[in-house]
Structure formats: structure tokens, C-alpha cells
J.: 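Here you go, one structure.
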Amino acid sequence: MRYLILCIYLFITIFLDASPFDGTKDLPVAFQGRFRSLDPAARLWLYDFYHVQHLKKDQLISFKTNDPSALELLWRLHFMGHALIDNAPLFWIHYAVVKDLLGLDIKESRFSYNELNQALSKVNLSHVDPSYIDDVNQLSQSIKNFYAIDNRVTQSNSLLAALIKQKQASGIDKRAISDAIENKFPLSSRLRHAGTTLKMLPSKKHEGEWLSLHALHIKSYDPVSGELAPIGNFTSFSDVHFQGIQVAYDDLSSLATRYFTNDNSLNAEEFQLAINRFANKILTAYQSLEGTAYIEAMGKSLYYPTLNQLKAESLYYQLPLIEISILGYGLALILFLIAFTTKNKNITTFGFIALILAFILHTLVLILRCYILQRPPVSNMFETVVYVPWIAILVGIIMNRISRNEWLLIASSLAALALLILLKLTDVDARLENVQAVLDSQYWLIVHVLMVVGSYGIFIVCGMLGHLYLLICCLNKTESSLTQFMAKCILHTMYIGVALLIPGTILGGVWAAQSWGRFWDWDPKESWAFISACVYVIIIHAYTFRKIYDLGLAIGSIIGLMAISFTWYGVNYILGTGLHSYGFGRGGEIYYFGYLLGETLFLGITTGIYLFFKSPKKYS
Amino acid sequence: MNMRILTALAALALLTSCGDSRDQSISPMQSIMGRANTGISRPQIYRVRASDSWVRRDPLPNENLLDTTKALCEYIIVEDREIIRIAIHNFPSRKLEDRVPAEAQVSRWRRQFESLNPEDSQSTPQAFSGYSGLLFEGVGIMHGKPTMVLGWAMQISPEHYLMLSRAKSSDEESLFAQMRGDVTIKAVGPKNIMEKYKRQIASFAKSFELIEEIPLRT
Amino acid sequence: MKILSKLYHFLGGIYFTIVLIGSVALFVIAGTIVESQTHSHLYAAKWTYGNPVFALLLWGFFINILFSATRRWPFQVKHVPFLTTHFGLLMVLGGALIKSYVGQQGTMNLIEGSASDRIYEINTHAIFAEKRGESSPRLYTLPSHLTHPLEIADDHDGLQLSLLAYTPHSTQKFATWVKDNFLTVDGWEPIPIKDTSDPVTFDQLQPQITVNPGEGSESWEIYALRSRDAEACVDKLSKNIKMPSLSFIEDKEGSVHIHAFDRHGPLWNQIFTCQNFQSLYAYDDGFGGYAVQVDIPKVAVPNMEIIIAQLSQELNEAVVGNALLAPPLQIFQKSCQSLNIDFVKTFVNFLVQWDEAGGWLFPSSVKLSSDLTPVFQNLDMSQDDIAPACQWTVRLFDQIGPDLQRGDDIMKVLRKRKWPLMASLEEMIAQHNFNAEDRTHQILSLLTQQIFSTASMLPSIEFDLLIDPAKENVRLYSAYLRAYDIHLRSIISPSFATASRVADTSAPNSTFTLETSVVPIGTPLPPEKKLEDNVPLITVQAKRGPIKQTITLAYDRSAAGLKWPILNGQYLLRFQPKYSHIPYRVRLRQARQINYAHSGQPYSYESDLIITDQRNGKSIEKTISMNHVHETHDGYRFYLSNMALANESGVKRVQLVVNHDPAKYWLTYPGAIIMCCGIVLLFSLRPYKK
């Protein structure tokens, strides 16, 4: 695994290298509650403002750069402050209502700091539609974050120097000065407020708290000499490593300032060397920390990522794995359909190969997420939307190997394609983030969530088969051995799904008893899991006792799919209440209701056509 | 068929592997007497869990403990002919307003150093066992040697203080008066050894509590 | 018989199954939609999951499964999967039913350092009663659906409670100074409140009564008013008032604004809202009732901070404008300039220190602050024209100071000491007409001026050189300032001092205290859709022997609020959830929230507990956290459900959920396992059979 990552990584770095700062891609940095590699952190940092992980080509001029990477922009702002790009369209606003409210051009989607600062100072919050207040507040927060980027260390150093001079003039002794300074400007808070960018230095005193690189330039009062002196080792790195970093950073910052002011006398090689030296120093120092625990709680701990995990994370953000999987599944689907119409077995094989390749990349997404986050990949909407189609494909492949029928592959690749494209079209949070405290139980996450969410994947294949069944019946106006086979598949998948859903839900009850103190409380998610189970149980009972036949089963599989879709999506996004809703969303309701309507129309039309035109030969 | 057996086995494995973590029964805690003029009248007030290898030193029974500069009890850790001294003090008070803030205690500790390394020193809020206050960590030069101080300056919460001001009898009042008192736990020792014992000392301090429960408002 | 057989087959049949499952599913769908609309789980439960029809459906399920199984009698091997699944389902249903009848579930509230064995059952009603002189309280349980009239009689005690009224939702307020349109202050007759919304009343505000707060004080006029705009009312009053006054103004929210005025205007104020108080006095642990107090200051003193700021500003303007400073200020400025120190700040600082230290001259016993020391070390007090005068003033004061401190009259002292210029001094005193208060100061002032005017005639004095020059200089310099009548007190202009006053409460006897009792008022409100937010209100009549009293109580969900006295303080009552005792006593040592690094997102919630089995006294220490519960050998489970104050800055509170489900291990969980196995068996056998 490690070697695979390394190989792919080398491949990427060799072919894509451009910015001199690329050498800092894999350095560890604290960003939004996690320790990640610098490149992903920079991408997410930019995304928070800009809604894209790199600068748009046509906007490079207003950002006064020719490098679109977030990494270089972050370094630039770190050294040069935000003033340079105050007029660049950095802030993305989604809702037209918000733009209108702020008096901005509705056709534009991104606005500059200066524009927004002005607009926000004029807006009267009491007139804002309450449902958009959060958006406005968020916007002003992000403006503040942007403003806070500037380096304040130099300023605070000179302030301190003035204070010391004043104290010395009044004849106060050195010890008293030192006490007074520590009282008024405690070093711990000076370190903490040294900067908001590039938190790459682990604090010695607060485990798990990392400090900005700006802190290296802090000066502290030396009571012996009575002067301000460069700060001593405040990191949990060894003194030798710390000094190495301090020297390398000093070097880097003077060269970087020249680089960013387009100083032509700057020797590019020398600059590159300085960057690499700095990166090296950080990485060497970090080796003493990698993989060690920094927060220990009852029965669990948080660990610093290893260097390999950091590399993997960089890689994860650089590789368009999901996009390639979509292409693969799409290709496979097309090949299968061509094979079906031309009855060419070879094309089927090609299709299968494409499917397997896409599936491998798809698996890689999940494995990378598991490896980086050290937990099963099913604790937020994005992860489940990746995991469900993966299960669908897996089931499709296994059942195809048993029954040797391509329709299963077609159904499952259709399911996967639909979900993955949906994932790309919508704005689901794709980040690698921490898991909520209540979900943080590897055991239950595996048992309950993998089972229940896995059943969704199976039910989706089941529903796709139902669609295909109805379509084929509708086209052929009769049942055939193919439709009989498909009905059997529908039944099988339904059985497997139910066998995962019901025990999974019950185990969820046991988990709830473990963490909330009650087994079952008709929470909306529980209720809807129960409702879906009821739907499938009714269908299975009716079919077993011959109250419905293959057609009914196919229709039932689609109704079941609608129930599942509501359990999965509707509870969190439409009902929006209850304990299970990890991350409510907004919007998308119309599309969802559109889907339900489409599904109902499809059922009505296909069944109608089939029943009206079907040949008199009756199924026995 | 194989698959079915596997599924069944997997399901069984899942169902049987859930279990609670084990209980541990209380390993003996050492009780500490409160502040009074002679040994006979000193009531047992506090308890704390200390390592067996630490040496405990109590004041002599005839010693007058009303002087709050005298420790209620001391623990001594010996290593390489150097020692860490952990002293527990309490400061009984009559009224809520009479208490000295934890910050004052910490700045007193700060001043005991000849020079203090600002990079290694800090105070952080702490709360446990009904007490809240500050933990002071200081590294610097004391008596010419590199020294580290770990000190907890703790006070019973105001709400508890009020409950402990409502004694029903004079016996209870004398007990409550002790229970209301502020507490400091301070460990001093050479820097290198203190670094080694830091965690142990912290868990020692956090195990400190009143023997009696603080009455709850009903 | 045939009908019975038909019914039996129907009840165990597939149609009944499908109808049952379908209607349960529809019920649940309705429930989730209601819940999302009202955000109230309780509301949804009331109409769906908690509805008798729903319970009936579940019983129908039970019968359906049972009959469908018995219909297959005699059983064959092929029935095994079916029977296993349905048997498991029966066990789960049975377990749920047993738990609802004999299980225990409740919450336990703990604070670090304290312990409890009480669990409160949410959404239950009870009246908690404490009898004076008894240590164990009583709990009178009320039905969860309250209906009135309802009688509760305690036969042991003779206390009878009857529920007279019930409102599902209310808000509780507390009446303090104003009750039922009367101003009530302990020791005063109730004073009717005047409504100022009437413009005539507003224009001619008259005090209702005059009270005297104690011996040797002036009388106070009292206003008791109600106004929409308390601010305007105060403005109006402060213009009208001629003598010390006290106004109580009730605003539209029911808050009472108390303002004290003296001749010069507003002196002090405080607001009492009807929701919470800064402090509350409980008499006799509540049996004697509750009260609030105010300490109203009688005197105002100048606000030093404002005065100092003003003084600094004036002096600054003088310095910047190059105004000619008085000679003592000039030498001080010179000293400051040579040291590169801010003159204005330092000089004002000195005046303040002198004022605080007291004394006609700066007392030699008071240590000079470290920032002033260098200035005085550097101060040139040896100029010929002033040095002797300063020295003589100091010497004179050293001599007569002790006498004056003893309280002797200054003129007598001077006569005794044979002050040579006595005659001219007496002449000057006769010209002025000093009032008794600052006669001594005035005379000292004249005396100093006398010395300075005759200084050229006086011989110079040799001082002991060993004395700290700064200390000596400060005394000499203060004498110099006295000659120019410069002292903090003397340069504050009187009008300025009046405008920036603060109430003086430090001196003894400078305040008088008023007190009034606190009375709860429950105001009925229309019920909330979210039932969880409702605060029920009951009116209870208590009766014991011949005494009867009615009290209105609002529901106290936390069961930690005030208990209200009734029947002449014989009992304390509170309307709260039901509680019961469990055989375990739980003590909370520490609770903590551990966050992910660099974020407020919690990573873990943990609590260290000591759990003592009260039956055998055995204790165990246990840390519980989310996903890690504690379960005792006899089936009590402790879960961490809530934590208040998630940081280390204070003592934390924790809510535990405690439950006891006797059927879980031998019915519910095994049933679930059997059902799961049954489903697996069904899946592995049935499809391939067809």
C-alpha cells in the first residue's frame, strides 16, 4: 500500500511540479481541528473563501500572480499580508438574495475584500430575512478571518520594545519589568496570537496546540541582559531542531519577501534550496512526533499523522479519483449496452475490465480515507455517498460471477454512476474531517453503519433491477426468461438487503442503548429505517404468499427504493430533526421531490403500458 | 453455500464481541488531616492517592498547625539523591469574600523564582472534585538551580461554599469550616526529575478530594 | 365455532399481517412528519407512538405472529426459519412490554464533589414537600395527565392537598417591591402605586409619603409609580426633587427601578427584574419565606476617577498652552523634565497619593511610590527664597502635629507653644468667618502663609543629612504647596465635584436597608406546540387542621429551584418531576470535555465517578464516557447524557441517565439475536427452495 502510494506520488510530483513551494506540500500543519499536509490545508483554506481549491485562470491577474495553486497563495499571504489581494475577487457568495441584500452585482459570484467590507458595513442585520442571517454572519466572519492573516509579530515586538524603554526610564529593575511584561502580555497568548496562517509548530505547553510560523519571530524580554531577545524553544521539538527551523525560516522569509516582490536579483536556485532546507528541517523535527498520541481520552486517543499519512492526504486531494471512476463506470455501461445490442461477448469482457478498473479506483478512495482518518469511511454524507455505490458495484460483481448475467452489472453500474454523478453535481462536503464524538466508536461504526448503509447499496441495485424489469417488460410487452431471472435477482437482493437492514437497525438500537441510554425511541432515522423495513417485509410476505407476482415485486422494489431514499436523504435534509442527523443540509428538496414524482410517473406509465399492451400469454 | 456460512459466522462474531470495559476497585487512598492546633483535634478531611514509593511526612501531633505556612502533609520523591517535595496546604476561611484569589497564589509562586523561563511557564484553569482554580507550571532558576514548580491553587466552588456554610450543629460547623478551605498542592524539584514525574504528580493532584461528600441542594 | 376458526385464521393470516405492517408504517410516517413540523418529539409521540391505537396495533402484531406460528402446527423442519424469526420478534415485543411496566429510567443530576442516589423521571409530576423540623422530605405523586379537582391526603401527617386549577403552560415571575398595585416594603404601610400614563399625574408628581430612615438623618420622600418609560420618569423626577427622595418605578415588563436622589440630583439606582435576582435572602431555610434587600446610600462623594481625569486634562492644557504655572508646579515640572518623565501624570499622581495618605503635610510615615521617588530625589528644594519657609513649616507642624491629632484646638495649642505671630493671626481669623468643619484647615493655611511671608526673617535650619533626601523633600514640597493652597481637595471646584458624584457606601451608617418579601406569580400562557417547552402551572390548596392556604406553583423541571412556604411556614412545597431512589450512590469526581485540537468540536465527554452500593457499602471507581457506560451486576446502567460548562474554569455539572431494564438480557437482546438468525436462515433457505 505504502509503496503504491509512493509510486503514484512520485509520478504525480514529477509531472506536475511547478511552484517553488511544492516542496512544502507534505509538511504537517494544524488546520481546522486536524493535522494535515500543507497542500490540502491550503486548498481547503482557499475553498472556504473561494469555493474552488485553486485560483481560476482568468482571475490570476487580479490576484497578481501566474500560479493558480492555493499553496503558493497561502505562502504569499503569510509573508506579504492580505493587502496585496484586497481587490481580488476572492469571496464566493452563493445566494442571490444575499448578494442583493449587500447591494452587489447578482451576476457575479465572487467579490473582493474591499467590496464586501464596504457592503457589509452598510447592511442592517435587522432587515435580513432570518434564514439568510447565518450566511451574512458567515460572510463577515470569513472577512474577519481574511483580515486576521497579517503578521502581527513585528508590530507587537516594537510595542513591547517601547514599553520596556519606558519602564527602564522610570528606573524599574529588570526583574520587575519582566514580571510586568509577563503579566500584561503573557508569552503564551503572544504565541497563540502570533498568526493565523501556517500553524506548523507544536506548542511545548499545550499538547495538540500548534502555533503559526510567525511565532518564530517573536522576541521576548531577557531579564539578564535587559534587552529583547529572539524567543527560545517554545515547541515540543528538540532545541537543536528548533534552532535549525528558526535559522531556515529566517533565511526563507527574507528570500520569500524578495520572491514575492518580484525581485529580479533573486537566485531561483538559492530560493528553492532555502525552501527545501526549511521543509527538511520541519520534517526531520516532526519525525519525533509522527504517530504519537496527542490527546488521550477514555479508551481512545488521537494520534499525529505519520509522514506517509500526510503524503497520502496530499495525494488524495491531487488525484481526481472519483471523476476517473465515473468515466470508468460510464464506459463500462456503454460497452455493456453495445454488447447487449450486438451480442458480442468480447465487448462485454472489455466492459467488465473497465468496470473493474473503475472499481479499483473507487476502492482506493475508500482505502485512502480509511488510511488517513483511521476509521471506517461512513460518518458523513459524502462518505456514505461514496460507500453506497461501492457496495452496489461489489454486489453486482459478486452476483454476476455467480449467475453470469450482465444485467446485474448494468444495474449496479447504473446505480453507481447515478450516485457518483449526483455527488459531483451537488455541493456535499468532501473534506477529510474529524468524526463527531457520538459516532466515535470504531466497533459500532463498523457494525451498525456499515451494515445499514451497506443495505442501501443493495436496495439501490434491487431498485435498478426493478426499473430495468419494468422497462424490458414495457418494451417486449411480455414476460420472458430474462424478466423471470431479473425478478429472481430482485428477490435475492431484497433478501440480502433486509438481512442487513433489520439486524443493522437492531444493532443500532443496542448502540443507542450504549451511548444515549435507550434502545428504541422512534427517532426519525430509526422510524424511517423501520418504515423501509416494513415496506420490504410487506413485499416479501406478499410475494411469498403469492399475493403479488414478479411485476408486483419489481414495483415493490421501486417503492422500497423511494422509502430508502427518504431514510437516507429525506430524514437529514427534509425532516431536519432528531438525534441521527449528523449535518443538516439545506436546498435540494425540489430536486428530491422531483425525483419522487419522476419515479411515480415512471411506475404509472410503464406499468400502464405493460398491462394495457401485454400479450395474452399469462404467467403461471 | 460457503458464503452463507461466512455470513452467519460474521453475524455471530459481531454479536458476541460487544462488552464493557472492566471495573477497577478503589486502591487505597490516604487520608489527610485538616488544620487545628494539636494532633488530637485534627479531623480527617481530605484523601489522595499517592504512589507507594513516595515518602509521606506528616506534621508532629504536638505541632500547632494553625499557622497556614505549615503544610498539612508532604510527600517526597527521591531520585538520584535529589528530591521532589510535594506539599499540601489548606487555608480555612470564614466568608466567601475572605478568600484569596488563585491568581494571587500563582503570582506569589512566580515570584519565588530568581528567574523564570517564559517559554516554559504558564497557568491554566483547572476544576476537579468540587474545586476550581489554577495550575501553575513554572520552570526557571530557584536557589541557583534549574527548578520546576507544579502548583495547584484550588478553591471550593461558590455554590458548594454556600452549602458548606449551612451547618446544622457546631460539630458539623467545625468540619464544614475545614471543608470550605482553599487548598494548594505544590510540587517543587529539579527540572529534569520533575519532567519525569510530571504526569504522576498531576494524577496525584487530581485524585485529591474531600473525604465527605459536599451536600447537594435538593 | 366456524366463525372463531375463521377469525383465528384471519388473525394469523397474511392479509392481517400486511394490513398491520402497513398501518404501523403509516402511523410512524405520520409521527415523523408531525415531529419535523412541531420539533416536538413528545407531541409526535402523543398522537402516534404513545397513542392507544398504536399500542393496539402492536398487540395485534403479537397475536398475528403467535397465531401464524400456531397455524403451522404440527411444525416441520421447513418451518424452522419462519419460527425462529417470529419467535425472536415475540421475545423483543415481550421485552419491550416488560420494560415499560417494571423498568426504571430517569436522570440524575450531579456536581463535581457531590453525590446522589435520586433519579428524576422526565415528564412526570409530583409535589415535593418538606415539613419544618423533619429531615426526610415527602413526595406526592400526581398523574401525568393532570385533571382537577384532585385530592391528596397524607393520613400520617394530616396534610391535605387539593388541586384546584391546572394550566398546561405558564411563565413564572417573582413579585418583589410591587405587589397587587401596592408598593410593599417591610415596616411600611403598603403604598398604592400611581400610574403616570395619565399626563396630569405625570405633570404634578407628588410624593406619596415621607419616611425617616433613622436617627440623625433627614426625611426621605417616597414616590411609588408605574410608567411605560422609566427613564423619562426619572428625568422628570430629578428636575422636580428638592429633598432626598426615593422612587420605585414599575415598568411595563414588571421590573422595578429604584432611584435615590438627594438635593443635587440622582444619587444611586438599582433594577429588580421579575425573573432573577442578584441575591436572595432565605429566612429559616425558606420556611420563613424569601426576601430581597437594597442598601440605599445616604451620602454621595465625588467620583475621584472623573475628577483626576478632569484635573489631568486641565493641567495638560495649561502645559501645552505654555500658561504660567504656580512656582511649586514649576520646580516639579523641572524635575520631571530632567528625568524625562510625564509631568502632568506624575504631579496628579502625587496629589492623589497625598490625599490618600492624609495629613496637612505629606506624612513621614507613608512610603512614597516608586515612580515618585526619583522626582523628589531630583527636586531642588534648596532655593534660598523658599527653603527656610518650607523647613520652618515642617518643623512647626512636627511640633504641633501630635497635639492636633489628639484633638486639641489649634488656637490653644499655638498659645501654649507661644506662637510669636499670634496677634496678627487672631486678627486675620476675626476677618474671616470660618465654619466649624474646616476651621483647623483654614487656620493652618493662614499659619503657613504667615510663615512664608516672614520667611526672609527666619534663620535657616540644619537638617540631619542621614535622612532620605526624597522623603525629606516630599515633606518640604508639600509645605510649599500648602502655602499656595494647592491640594487635591482644595483645587476641586465644588460644582464639578457635585456633578461627578458616586454614592458612598463605605462609611458605617452611610446606607439604610429596605427589604421586601418575594412572591411567585404564575401567568398562564397558551400552550406551546413543542410540548417539551411547556411549564405547567397548578394551584393547590393545602389544609391541615383548621388552617387552609392556596398557593400557585409552576413546574420546576430541574427540581433545584425555590421551595415555597405554606401554612404559616409549616411546609415547603415545590412542583417538580417524580423521583425515586436507586440502591447506588453516585459521586462525581471530575467531568471533562476533551476537544479536538484547535477546535471547539468535542472529541470525548468523560466523567469520573465513585459508585457505592448502599446495600453493602462497596465502592468502585469508574470513568464513563460516550459509548462507554457502566452497568452494575444487577442491571443498573449509568450513561453520561449531558454536561454543563464544558471548560475547566469552574465546577462542572453532569446529567446521568440511569436505567434498569430487567428484561433486556433474557428477553430483548436474545430475542433480537434469534430474530436476526431467523432472517439469515430465511434468506439462505427460502429463495433456493422455489
Side-chain angles (χ1 to χ4, degrees), chain A residues 30-35 169-172 199 208-210 294-295 297-300 302 434 436-438 440-441 444 488 491-492 495-496 498-499 502-503 506 509-511 514-522 524 527-528 530-531 534-535 537-538 541-542 544-545 547 571 574-578, chain C residues 14-15 17-18 21-22 24-25 28-29 31-33 35-36 39 41 44-45 48-49 92 96 99 105 339-341 370-371 373-374 594-599 601-606 623-629 637 639 641 657-659 661 664 668-669 672 675-676 679-680 682-683 686-687:
Chain A
F31 183 74
Q32 292 181 351
R34 276 192 65 233
F35 299 99
S170 6
I172 299 171
K199 297 194 169 173
E209 179 176 333
W210 285 30
Y294 64 93
I295 288 179
M298 151 131 201
K300 57 181 185 177
L302 287 172
N434 290 317
Q436 294 202 11
V438 66
D440 194 16
S441 163
W444 288 113
K488 200 177 148 196
L491 190 65
H492 283 198
Y495 266 120
I496 304 172
V498 169
I502 292 180
I506 289 171
V510 179
W511 184 12
Q514 293 280 334
S515 50
W516 294 325
R518 85 288 182 288
F519 178 75
W520 191 269
D521 195 37
W522 297 113
S527 297
W528 272 94
F530 176 82
I531 293 162
C534 283
V535 171
V537 167
I538 289 174
H541 273 88
T544 317
F545 290 93
K547 305 297 171 199
V571 172
I574 290 171
L575 291 182
T577 175
Chain C
I14 181 67
Y15 282 115
T17 313
I18 290 174
I21 303 177
V24 168
V28 177
I29 291 174
T32 58
I33 291 169
E35 180 163 347
S36 92
H39 295 279
H41 187 66
T48 52
Y49 326 119
V92 171
K99 192 199 164 189
Q105 167 123 3
L339 286 169
N340 204 8
I341 297 177
S370 57
D371 52 334
T373 316
I594 301 173
N595 284 350
Y596 284 108
H598 289 275
S599 78
Q601 192 193 349
Y603 172 59
S604 182
Y605 295 98
E606 300 174 2
T623 301
I624 61 171
S625 69
M626 221 147 210
N627 295 325
H628 288 90
V629 302
R637 291 171 74 93
Y639 316 88
S641 87
V657 171
V658 182
N659 86 18
D661 179 2
K664 188 170 58 189
T668 318
Y669 286 5
M675 187 170 88
C676 293
I679 292 171
V680 173
L682 276 175
F683 142 65
R686 192 166 296 266

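Values reported hereafter were calculated over all heavy atoms of this structure, with side chains retained and with hydrogens, waters and symmetry mates removed. Bear in mind that the values here come from a model prediction, so they are computed numbers and not experimental data. Chain naming here is simple, since letters A, B, ... match the order of the sequence lines and numbering starts at 1 in each.
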J.: Can you tell me which portion of C:S604 sits under 4.5 Å from chain A's heavy atoms? Options are side chain, backbone, both or neither.
T.: both
J.: Which pair of heavy atoms, one from A:G208 and one from C:A597, lies closest together, and at what distance?
T.: O-CB, 3.0 Å
J.: Begin with the C-alpha distance, continue with both residues' side-chain angles, and end with the deciding distance and a verdict on side-chain contact (heavy atoms from CB on, under 4.5 Å) for A:V510 and C:Y669.
T.: CA-CA 8 Å; A:V510 179; C:Y669 286 5; 4.1 Å; yes
J.: So, taking the atom named CZ in A:F545 and the one named CD1 in C:I18, what distance separates them when rounded to the nearest 0.5 Å?
T.: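 Nearest 0.5 Å value for the CZ-CD1 distance: 9.0 Å.
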J.: If only atom types and distance count, is the side chain of C:H598 paired as donor or acceptor with the main-chain N or O of A:W210 below 3.5 Å?
T.: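 Such a contact is found between C:H598 side chain and A:W210 backbone.
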J.: What are the two closest heavy atoms between C:N595 and A:I295, and how far apart are they?
T.: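 Heavy atoms of C:N595 and A:I295 come nearest at O-CD1, 3.1 Å.
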J.: How far apart are the closest heavy atoms of A:S527 and C:T32, and which atoms are they?
T.: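 Shortest heavy-atom separation between A:S527 and C:T32 comes out as CB-CG2, 3.4 Å.
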J.: So which atom in A:I506 and which in C:A672 form the shortest heavy-atom distance, rounded to 0.1 Å?
T.: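 That would be CG2-CB, 3.5 Å.
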J.: Non-hydrogen atoms of chain C under 4.5 Å away: do they reach the side chain of A:Y294, the backbone, both or neither?
T.: side chain
J.: Please flag which part of C:I29 lies under 4.5 Å from any non-hydrogen atom of chain A: side chain, backbone, both or neither.
T.: both
J.: So which of C:I679, C:I594, C:I14 has the largest heavy-atom pair count under 4.5 angstrom toward chain A?
T.: C:I14
J.: Name the residue from C:V24, C:I21, C:V28 that meets the side chain to side chain contact (heavy atoms under 4.5 Å, CB included) definition with A:I531.
T.: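 So, applying the side chain to side chain contact (heavy atoms under 4.5 Å, CB included) to A:I531 and each of C:V24, C:I21, C:V28, only C:V28 qualifies.
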J.: If we define contacts as heavy-atom pairs under 4.5 Å, which of A:L302, A:V537, A:I502 has the most with chain C?
T.: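 The option with the most such pairs is A:L302.
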J.: Pick whichever of A:K547, A:Q32, A:K300 has the most heavy-atom pairs under 4.5 Å with chain C.
T.: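 The answer is A:K300.
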